[in-house]
Amino acid sequence: MANTGTLLVRSPTNLQTFREYGQRFTIEENFLDDKSSGFNLEDSKLRSAPALSRLCLVLAMTTLFLTAQGVEVVILGQRRCVDPHWYRGASYLKNGWSWVKQALNKGWNLISVISFSTNIDPEPVKASRLQHQQRTYRIEFQATTVVWAN
């Protein structure tokens, strides 16, 4: 069964509208890392703007380091040490975080320089082969225009 959704907009739409809206979903992985499955940002209970600002700075620097570590793990072919999925199933941040925890216990090396040599994803995340195929090869749109009477 295909997932369905509704996109409500105030202006006329075309396929480009759907492409642009679809790009928003590429950041969901990051939101998940910041919230429930990563830093648990909401659990900080901070209400002071300066304190929240400092926490966000620390989280941004940590995200940068852990993501760079995760990318390096994938590039070096070591991903299966921290991500048991056949395809990459965890975010680069989660892979980096798992690597750091293992490094502290097992003496593995950590990166000493943060470097992203390309903007091309070395191994895009695929939750499963079926989900990957559904996302890659099957996109259906149904456009309906409704004019509301004033």
Side-chain angles (χ1 to χ4, degrees), residues 2-132 134-136 139 141 143 146 148 150:
N3 291 334
T4 60
T6 302
L7 174 62
L8 298 175
V9 296
R10 292 182 180 200
S11 58
T13 62
N14 57 29
L15 286 178
Q16 183 62 27
T17 305
F18 290 103
R19 281 188 207 101
E20 291 169 358
Y21 189 76
Q23 290 175 349
R24 294 181 60 197
F25 293 103
T26 62
I27 63 171
E28 290 298 320
E29 192 176 277
N30 182 259
F31 287 142
L32 191 61
D33 289 336
D34 287 343
K35 294 175 82 178
S36 61
S37 105
F39 295 126
N40 294 320
L41 182 59
E42 293 172 344
D43 289 343
S44 73
K45 307 287 190 237
L46 290 176
R47 297 292 176 249
S48 161
L52 194 54
S53 180
R54 288 189 296 273
L55 176 60
C56 286
L57 173 63
V58 170
L59 294 182
M61 293 181 345
T62 304
T63 297
L64 180 64
F65 174 77
L66 292 176
T67 301
Q69 181 67 65
V71 169
E72 186 69 12
V73 166
V74 169
I75 289 172
L76 294 175
Q78 300 295 313
R79 180 191 53 81
R80 293 296 294 269
C81 295
V82 293
D83 181 4
H85 299 93
W86 185 254
Y87 297 108
R88 185 173 73 87
S91 68
Y92 286 115
L93 182 139
K94 286 183 191 170
N95 284 336
W97 197 333
S98 295
W99 185 271
V100 168
K101 288 189 275 188
Q102 293 289 341
L104 295 174
N105 290 328
K106 298 180 179 179
W108 295 352
N109 291 329
L110 296 174
I111 59 172
S112 58
V113 175
I114 294 175
S115 173
F116 294 99
S117 58
T118 180
N119 65 347
I120 298 171
D121 191 345
E123 186 179 343
V125 69
K126 298 176 189 173
S128 70
R129 185 182 305 201
L130 177 62
Q131 281 185 1
H132 174 67
Q134 287 174 343
R135 287 180 184 159
T136 304
I139 299 175
F141 293 102
V146 178
W148 299 97
N150 290 335

### Message
Taking side chain to side chain contact (heavy atoms under 4.5 Å, CB included) as the definition, give me every residue that meets it alongside Leu76, ordered by chain and number, with sequence neighbours left out.
### Response
Glu72, Gln78
### Task
Would you please name every residue forming a side chain to side chain contact (heavy atoms under 4.5 Å, CB included) with Ile114, sequence neighbours left out?
Leu64, Phe65, Ala68, Ile111, Phe116
### Query
side chain to side chain contact (heavy atoms under 4.5 Å, CB included) with Ser98: which residues, sequence neighbours excluded?
Val82
Going by atom type alone, with no hydrogens or angles, which donor-acceptor pairs under 3.5 Å involve a side-chain atom of residues 99-110 and a protein atom two or more places apart or on another chain?
from, atom 1, to, atom 2, distance (Å)
Trp99, NE1, Asn109, O, 2.8
Gln102, OE1, Lys106, NZ, 3.2
Asn105, ND2, Lys101, O, 3.4

### Point-to-point distance, once rounded to the nearest 0.5 Å, from CG of Leu66 to CG of Leu93
5.0 Å
Please list every donor-acceptor pair under 3.5 Å in which a side-chain atom of residues 46-55 meets a protein atom from a residue at least two apart or in another chain.
from, atom 1, to, atom 2, distance (Å)
Ser48, OG, Ala51, N, 3.4

### Message
If I take atom CH2 from residue Trp97 and atom OG1 from residue Thr63, how far apart are they, to the nearest 0.5 angstrom?
### Response
9.0 Å
